[in-house]
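Only heavy atoms go into these numbers, but all of them, side chains included; no hydrogens, no water, no symmetry mates. In the text below, chain A, chain B and the rest are named by the order of the sequence lines, each starting its count at 1.
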There are 2 protein chains.
Amino acid sequence: MTPESYQLDDTDRRILLALDEDPRVPTMMLAQRLGLARGTVQTRMERLASSGALRPNSSRVKPASVGRGVSAVVSAELDQSHLEEAIAALSLIPEVLECVAPAGDTDLLIRAVATDPDDLYRVSEEIRLCPGITRTSTSMILRDVIPYRTTALLNNLS
Amino acid sequence: MTPESYQLDDTDRRILLALDEDPRVPTMMLAQRLGLARGTVQTRMERLASSGALRPNSSRVKPASVGRGVSAVVSAELDQSHLEEAIAALSLIPEVLECVAPAGDTDLLIRAVATDPDDLYRVSEEIRLCPGITRTSTSMILRDVIPYRTTALLNNLS
DNA sequence: GGTATCACTGATCATTTTGACTAACATGGA
DNA sequence: TCCATGTTAGTCAAAATGATCAGTGATACC
């Protein structure tokens, strides 16, 4: 079942919102909080999970709480013919939390963390040495202006 | 209690890993899976939650599943004297999922989603019109090379 | 050496939740 | 009108929860 195969309705949205703010809330409490029958919520949650609307991982761990207080954006240019190799190598670096391929001049945008600026240097060197990567530019993140959220989106679906 | 006030140990890490891959696993199953007493896991989870190691929100919702299949990185330059205004305005745009302030030439890096390229244009216009923002550059994300993860990090703590 | 503190274990208890079923009811489409 | 689907509201045994407790090692401190 692909993510698009099923259109979420208002009830799904409310369930997702509630789950987002408290992933471990018991189904029964959720049901009475939303004014629904337990069976309904149960069915919906199963469907949401199997349809892929909920990611398998929850991403609730703050890197800072495991000693990675410094985070950075690394943009990398690469030899396109070695794309897959580069991806494989990047995947092996634990400090690489995320990587996307945008259209435009930069080939890869990488989100990385480190314990301190020195460590960040080490991490960015590791990234630079990945096969196929020709050039990197690292910017430390000074402020997390809006931490990742989907709440606003869920609240504003027509 | 600040996030740094308490050093996570191996047990905490294993709990976080398990919770990350299945946020709704019952405490008891978690305990027997990790080979710990239920009370121990219960105590740890309470501490992890109150110490801030676990984010309040789980971020498990895939934007694609709510019809936002297009995502982009928007870099914005701004009039620094209007920073707070810009942030406030950006926060009001539901399609803005995340925003960080990196050191360097770009002042803000914004992660946004949209229903389709046309809609992305609309969203990036909304961003551009935020007070204080002088200039933006939008790059559609062609591929989610490494989706956000903390698993590798948790697995590689010394 | 003795002792206090702390975390973990393994046990209890009543209460709540779960998963897997029903049957009844409403609604909207063929 | 009939049918499929989603919702509600029940049931049931099994399991999990939250709140305890005493016992056992560690570790640190005097």
Practice item. Indicate yes or no: does Arg122(A) engage Glu125(A) in a salt bridge with an N to O separation below 4.0 Å. Key: no
Practice item. List the protein contact pattern of nucleotides 10-19 of chain C with one symbol per nucleotide (5' to 3'): B for base contact, S for sugar-phosphate-only contact, - for none; contact means a heavy-atom distance under 4.0 Å. Key: -------SBB
In the structure I gave you, are the side-chain heavy atoms of [X] and [Y] within less than 4.5 Å of one another anywhere?
X	Y	value
Leu108(A)	Leu90(A)	yes
Thr150(B)	Arg68(A)	no
Arg47(B)	Asp12(B)	yes
Ile87(B)	Cys99(B)	no

Nucleotide [N], atom [atom2] - distance to [atom1] of [X] in whole Å:
X	N	atom1	atom2	result
Met45(B)	dT17(D)	CE	C1'	11 Å
Arg44(B)	dT17(D)	CZ	P	18 Å
Arg33(B)	dA16(D)	CZ	P	11 Å
Asp22(B)	dA16(D)	CG	P	13 Å
Leu34(A)	dG6(D)	CG	P	18 Å
Asp9(A)	dT5(D)	CG	P	16 Å
Asp12(A)	dT5(D)	CG	P	17 Å

Review point. Between the main-chain N or O of Glu77(A) and the side-chain N or O of Thr134(A), is there a donor-acceptor pair closer than 3.5 Å?
Key: yes
Check your understanding: Does Arg149(B) reach the main-chain N or O of Ser91(A) with its side chain, forming a donor-acceptor pair under 3.5 Å?
Key -> yes
Check your understanding: Within a radius of less than 6.0 Å around CG of Asp105(B), do more than 12 heavy atoms belonging to other residues, nucleotides or ligands occur?
Key -> no
Point to revise | Nucleotide nearest Thr40(B) when distance is taken to its side chain, options dG6(D), dA7(C), dT9(C) | key: dT9(C)
Exercise for review: Note down the inter-axis angle between the two ends of the helix from dG1(C)-dC30(D) to dA30(C)-dT1(D), five pairs each, to the nearest 10°.
Suggested key: 40°
Review point. Would Val41(B) end up clustered with Val25(B) when hydrophobic side chains under 4.5 Å apart are linked, directly or stepwise?
Key: yes
